[in-house]
Amino acid sequence: RSSDLGEQGDGYDYDDADDEDDEETLEGDVKDYSLVEKYDEEFDIELDNFAMREPYDRIISCLGFGFDWTPFNKDARPARSLGRKSKYPAITGTYESSIIDSMYFAGTNTHSRDFRKSSGGFIHGFRYTARALHHLLEWRYERNPWPSRSVPYVDLLDYFLKRTNEMSGPYQMFGFLVDVILLPDNSDSAIYLEEVPIDVLKNLDANTGHSSPRYIVVNLQYGDGFSGPANDVFREDRATGEATDAHNSNFLHPVLFYYDKPIKSMASARLPRPNKIHHMVEDFLTLWNAPISHIIPLRRFFEDVLGEDLRNFSAESCFMAALTHTTLPLKCADYMNGNGFVAGKELRKAAAVVHSQFQL
């Protein structure tokens, strides 16, 4: 059997998902229990299935940790964070000591940035912040820019939908790791950066090696009233499914912030007011791929930001548009340049069938 008395330091209680069936788990404050080697008297308690009624063979102390400050002398000792975060070193948004230049921290030691706000104190969170630190150091010391991908505007909607439904870093480190879509001037392609620490945005060029006069920041976030001492997360109005009410979503959902000029200042992990904003309505399955609720509103947001028509068109529609309009949608550009449409697997298969039917 196992007894989980919780992490007294941070106030978290955990059950191991891999506990065997015959194990019992007890949650409580360690100060309410006494540990003795042997107790022969019976418990005077009405319950006959009290979790502590039998002795335990092994006791594992797992009550959190304290940062070891002893390796640092007085000239190289990092500052402590304040208040309840005092067991963590004080660091900047690039995971660097707040007072010691070029001293960086990784892993759970960086949890002061998102303490009780996101998952940076645990492996499912800090595996992404550690990777972000690597990218930051690659640029600072080796001048290797943050990894990026060039995405033509004509493919941006499809690429973004795929990325949004697969992104793990911003999902685990919600509110602290964001995707950034750079929109360079005089270009028909966006530059896509993944899992950028949110506090880096105020010095994006200096920290990543990328710059742009305007960009979109993609942040996964909860609604302001989702949880809290006075909020019932199971209340009747806890969720919405209407795209027109997406801004009132309470559960984790993507929010796109468009800025027509670089961010110069911001409060810690708080994005400034954008020029345009788009909420993708929350989804019970965290799948943002519904044509009406998710895709069409998102496409219209991209069209508004880019000033382009991102709808899909058939060859016939492109031909008719060329005869009746002076400007054409992006999806018709390749067709009108004489390239036709790029043949996918199904189109090639259909063409092979037609060819075989008419072959002499």
N/O donor-acceptor pair under 3.5 Å between Asp114 side chain and Lys117 backbone: no
Counting only N and O atoms by type, is there a donor-acceptor contact under 3.5 Å from the side chain of Thr208 to the main-chain atoms of Trp146? no
If we ignore hydrogens and angles and just use 3.5 Å, is the side chain of His253 paired with the main-chain N or O of Asp283 as donor and acceptor? no
Of all heavy-atom pairs between Ile191 and Ser148, which one has the smallest distance, and what is that distance? CG2-CB, 3.7 Å
Atom CZ of Phe284 with >12 non-hydrogen neighbours under 6.0 angstrom: no
Taking the inter-plane angle between the rings of Phe301 and His278 on a 0 to 90° scale, is it parallel (under 30°), tilted (30 to 60°) or perpendicular (over 60°)? parallel
Just wondering, more than 12 heavy atoms not from Ile292 lying within 6.0 Å of its CD1? no
Are more than 12 heavy atoms, taken from residues, nucleotides or ligands other than Glu242, located less than 6.0 Å from that residue's CD atom? no
Over 60° means perpendicular and under 30° means parallel, so classify the ring planes of Phe67 and Phe72, tilted if in between. parallel
Side chains of Asn219 and Gln221: do they bring a donor and an acceptor to under 3.5 Å? yes
Using modelled atom types and a 3.5 Å cut-off, is there a donor and acceptor pairing between side-chain atoms of Asp304 and backbone atoms of Arg300? no
Pair Asp179 + Arg149: basic N to acidic O under 4.0 Å: no
Hey, is the main chain of Ala246 close enough, under 3.5 Å, to the side chain of Ser249 for a donor-acceptor pair? yes
Glu282 and Ala239 have their tightest heavy-atom pair at OE2-CA, 3.1 Å
Minimal heavy-atom distance between Arg143 and Arg140, with the atoms involved, is NH1-O, 3.7 Å
Can you label the angle between the Phe115 ring and the His111 ring as parallel, tilted or perpendicular, going by 30° and 60°? perpendicular
What's the spacing between Trp288 CH2 and Leu298 CG if we round to 0.5 Å? 12.5 Å
With distance as the sole test, does Asp245 use its side chain to make a donor-acceptor pair with the main-chain N or O of Thr240 at under 3.5 Å? no
Between Tyr153 and Leu310 the two heavy atoms that sit nearest each other are O-CD2, 3.7 Å
I want to check something: taking the side chain as every heavy atom from C-beta on, are Leu201 and Val180 in contact at a cut-off of under 4.5 Å? yes
Taking every non-hydrogen atom, the tightest pair across Cys332 and Leu328: CB-CB, 4.4 Å
Assign the ring pair Phe257 / Tyr259 to parallel, tilted or perpendicular, where the plane angle (0 to 90°) is split at 30° and 60°. parallel
